[in-house]
Amino acid sequence: FASTDPPQFEKLAATSLAGNPDATTVNIEDPGETPKHQPGPPRGSGREEDDELLGNDDSDKTELLAGQKKSSPFWTFEYYQTFFDVDTYQVFDRIKGSLLPIPGKNFVRLYIRSNPDLYGPFWICATLVFAIAISGNLSNFLIHLGEKTYHYVPEFRKVSIAATIIYAYAWLVPLALWGFLMWRNSKVMNIVSYSFLEIVCVYGYSLFIYIPTAILWIIPQKAVRWILVMIALGISGSVLSMTFWPAVREDNRRVALATIVTIVLLHMLLSVGCLAYFFDAPEMDHLPTTTATLNQTVAAAKSS
């Protein structure tokens, strides 16, 4: 039998494939060679769920995008311009996600991780500041409307007080939480930390629900106000707890629960404190007028 020449065999195979593109080819390897790629063991469903919640599958892509976006030095305008590189559709989509939290879905992975921004959180906080200050003044005016001893004076100091409270909460609490997650990440290997910008985004967008709530707080009924604050607290608190629970649940059970409870309590302190200071204690605003009127009455009685 004549041996087949390898070049002629390759030409014959190429001709056959060209004539029949749908033909199936079989790769015959040397038994002594090791395959270059072998499929690994299937991943467990629990680990896939963790990656889905924490976004571990996109971590390499996120780091690459972050490196591309923040390549400019921090003292240049271009460096900070990247934090506001977001369109209207993304902002509205993130606002919608903060108003309709979905159980089992991570807010950071669904809306933030691809392009974290400061545009939405900044303007949400600014709008909330003016909504609380203006609504507080209007509420004070409506409650005492018709009282002869009450003289309405606009209180512009409420704007500065509301700005201090809202922006301090939206920046200092995320900074403390980011530092805590980084510290726990050095203690427990399974802890996944969010970036500081991602945490600021979560807190900023979670405050959007308080803008319509602050406007409705003008209604001079304490029961209605407290119902509104409980609804807003439930929605925004759910966004925060469902976002940060997957990041701490691999930690010690007590530490994880204490972290979530602390996050919710600080959020509750903000909402209840704003309601109590700006809306539920308006009688303190006209206390000097009432005191002056009382002193005039006492002086008139003594002179008579």
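Predicted model, so just to flag it, every value in this text is computed and none were measured. Throughout, numbering of the chain's residues begins at 1 and tracks the sequence.
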Kindly write out the residues that satisfy ring pair (Phe, Tyr, Trp, His ring centres under 6.0 Å) with F107, not counting sequence neighbours, or none if the list is empty. Y111
All heavy atoms of A232 vs all of S236, minimum pair found to be O-OG, 2.8 Å
Within-4.5 Å side-chain heavy-atom neighbours: L118 and V200: yes
Yes or no on side-chain contact (heavy atoms from CB on, under 4.5 Å) for F244 and I199, after CA distance, side-chain angles and deciding distance? CA-CA 9 Å; F244 294 108; I199 298 177; 3.9 Å; yes
Apply the hydrophobic cluster definition, ILVMFWY joined by side-chain contacts under 4.5 Å directly or through others, and give me every member besides V261. L265
Co-membership, hydrophobic cluster, residues V173 and F122, 4.5 Å side-chain: yes
All side chain to side chain donor-acceptor pair (under 3.5 Å) counterparts of W226, not counting sequence neighbours: D280
Do Q90 and I112 come close enough that some side-chain heavy atom pair is under 4.5 Å? no
Kindly check if the number of other-residue, nucleotide or ligand heavy atoms within 6.0 Å of OH (Y167) is above 12? yes
Those residues that, when tested against L142, pass side-chain contact (heavy atoms from CB on, under 4.5 Å) (two or more places apart): I218
Say whether L269 and F278 are linked into one hydrophobic cluster, either directly or through other cluster members, by side-chain heavy-atom distances under 4.5 angstrom. no
First locate atom CG of D85, then atom CG of D117, and finally report the distance between them rounded to the nearest 0.5 Å. 9.5 Å
Under the side chain to side chain donor-acceptor pair (under 3.5 Å) test, residues paired with N137 that sit two or more places apart: none
What I'd like to find out is whether the side chain of N140 reaches to under 4.5 Å of the side chain of E155, using heavy atoms alone. yes
Working to the nearest 0.5 angstrom, can you tell me the gap between F279 CZ and L275 CG? 7.5 Å
Determine, using the 4.5 Å side-chain heavy-atom cutoff (strictly less than), whether M242 and L266 are members of one ILVMFWY cluster. no
Nearest non-hydrogen partners of R94 and N115, listed with the distance: NH2-O, 2.6 Å
May I have the step-by-step check of side-chain contact (heavy atoms from CB on, under 4.5 Å) for L240 and V264, ending in yes or no? CA-CA 8 Å; L240 294 177; V264 175; over 6 Å; no
Looking at side-chain heavy atoms only, is the closest gap between L110 and N106 below 4.5 Å? no
Residues two or more places apart in sequence or in another chain: which of them pass side-chain contact (heavy atoms from CB on, under 4.5 Å) with I102? K105
Report yes if the side chains of Y277 and I161 come closer than 4.5 Å at any heavy-atom pair, otherwise no. yes
Strictly by side chain to side chain donor-acceptor pair (under 3.5 Å), give each pair with a member in residues 119-132 just once, sequence neighbours left out. none
Got a second to check how far L270's CG is from L128's CG, nearest 0.5 Å? 7.5 Å
Look at the side-chain heavy atoms of Ile, Leu, Val, Met, Phe, Trp and Tyr, link any pair under 4.5 Å apart, and say whether V86 and F92 land in one connected group. no
SG of C274 to CD1 of I166: how many Å apart, nearest 0.5 Å? 4.5 Å
Any E198 side-chain heavy atom under 4.5 Å of S195 side chain: yes
The criterion is side-chain contact (heavy atoms from CB on, under 4.5 Å); which residues satisfy it with L175, sequence neighbours excluded? W178, F196
Counting C-beta onward and ignoring hydrogens, is there a side-chain heavy-atom pair between W217 and V229 closer than 4.5 Å? yes
Is the backbone N or O of A214 less than 3.5 Å from a side-chain atom of S135, with the two atoms forming a donor-acceptor pair by type? yes
Are a donor atom and an acceptor atom from the side chains of S139 and R225 found within less than 3.5 Å of each other? yes
Could you pull out all residues at least two apart from M230 that satisfy side-chain contact (heavy atoms from CB on, under 4.5 Å)? none
Joint hydrophobic cluster, L207 plus F130, side-chain heavy atoms closer than 4.5 Å: yes
If the condition is salt bridge (Lys or Arg N to Asp or Glu O under 4.0 Å), which residues does K96 pass it with, not counting sequence neighbours? D93
With side chains defined as the heavy atoms from C-beta onward, is the minimum distance between Y205 and P121 less than 4.5 Å? yes
Between CD1 of I263 and OG of S241, what distance do you get to the nearest 0.5 Å? 8.5 Å
Can you tell me how far apart CZ (R113) and SG (C201) are? Round to the nearest 0.5 Å. 11.5 Å
When every non-hydrogen atom of S206 is compared with those of I209, the smallest separation belongs to O-CG2, 3.6 Å
Pairs where residues 250-273 contributes a residue and the test ring pair (Phe, Tyr, Trp, His ring centres under 6.0 Å) is met, not counting sequence neighbours: Y169-H267, Y210-H267
Which pair of heavy atoms, one from A133 and one from V159, lies closest together, and at what distance? CB-CG2, 3.6 Å
Side chain to side chain donor-acceptor pair (under 3.5 Å) involving Y203 - partner list, sequence neighbours excluded: none
